Amino acid sequence: MDIRVTVWNENRVNEKTRGMYEVYPEGIHGRLREIFEGAGFSVATALLDEPECGLTDATLARTDVLVYWSHLAREEVPDSLAEKIAEAVNRGMGFIPLHSAHMAKPFVRLMGTTCTLSWRESYDRELLWSVCPGHPIAEGIPPVTELLPEEMYGEYFDIPAPEETVFTSWFSGGEVFRSGVCYRRGRGRIFYFQPGHETYPTYYVPEIERILVNAVRWAAPAYREESTRTCRHVEPLVSSREEDGHGRL
Ligand code: ZN
């Protein structure tokens with residue numbers, strides 16, 4: 001099956017995050033594109049500064065899985081676009097918010113909670129534990145993957161109880177975090193994945209690459225609905241018989 005991936009990136013830097021281009025000369029979206037093209041997916045990239053924030057209706061319509069990286073500029077995404085993304089997920093599009101996209105508007109909208117967490121930008125060591133080894137996203141991933149350095153994201157992470165928790169992380173400051181969690185919304189699948197601070201080379205770690213590729217395969221829809229906003233009026237499938245008095249067959 002040909003999977004069409006759109007990698008969306010806000011692609012903004014400030015004083016603190018300028019080092020991002022040393023780690024990812026082509027931008028984070030450039031590195032993610034490389035990973036997904038290597039897996040044989042059809043990949044497009046989209047950026048916040050493009051017309052309609054890079055996500056036109058046509059782009060969303062031809063996206064099987066939207067991979068989404070955001071941080072500084074999350075409030076610049078219009079509510080109307082967040083709504084369109086949520087609607088596309090409800091119709092079947094896969095959605096993979098990464099790292100600081102935990103508070104991206106479409107993710108918060110789909111979760112219905114604040115999605116806040118505790119954090120510390122330092123030189124932490126992260127141990128990423130595979131806690132659901134039979135899950136398709138964990139396929140080929142060792143029990144523990146070390147990431148050094150990574151930004152600390154800790155509990156409490158204000159998300160709804162995950163339908164599946166595929167990864168849980170420990171950080172060298174003693175914190176723990178539900179770092180890879182799955183949801184279904186409507187017909188769509190969502191996987192939030194925490195590793196990926198912009199100035200650390202996390203997206204070059206082979207296990208992380210594999211998790212991302214596995215996640216895209218898992219989130220790709222079997223089919224898409226045209227619309228989820230209409231309730232169908234239907235005739236009975238079977239006719240009730242008057243003689244038994246209860247409408248049973
Ligand atoms: Zn970060």
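All residue numbers in this chain count up from 1 along the given sequence. In each ligand, atom 1 is the first atom listed, and ligand 1 is the first ligand listed. Here the structure is a predicted model, which is why all the values come from computation and not from measurement.
Heavy atoms only, all atoms of each residue included: Glu163 and Arg184 are closest at OE1-N, 2.9 Å. Nearest heavy atom pair, residue Glu22 against residue Pro25, reads O-CD, 4.2 Å.
Using bins of under 30°, 30° to 60° and over 60° for the plane-to-plane angle, the ring pair His102/Tyr153 lands in the perpendicular bin. Using a 30° and 60° split on the angle between ring planes, His71 and Trp69 fall in the perpendicular class, above 60°.
Of all protein atoms, those that are N, O or S and lie under 2.8 Å from the Zn ion (ligand 1) total 3.
Among residues two or more places apart in sequence or in another chain, the ring pair (Phe, Tyr, Trp, His ring centres under 6.0 Å) test is passed with His135 by Trp218.
Ring pair Phe171/Phe177: centre-to-centre distance not below 6.0 Å.
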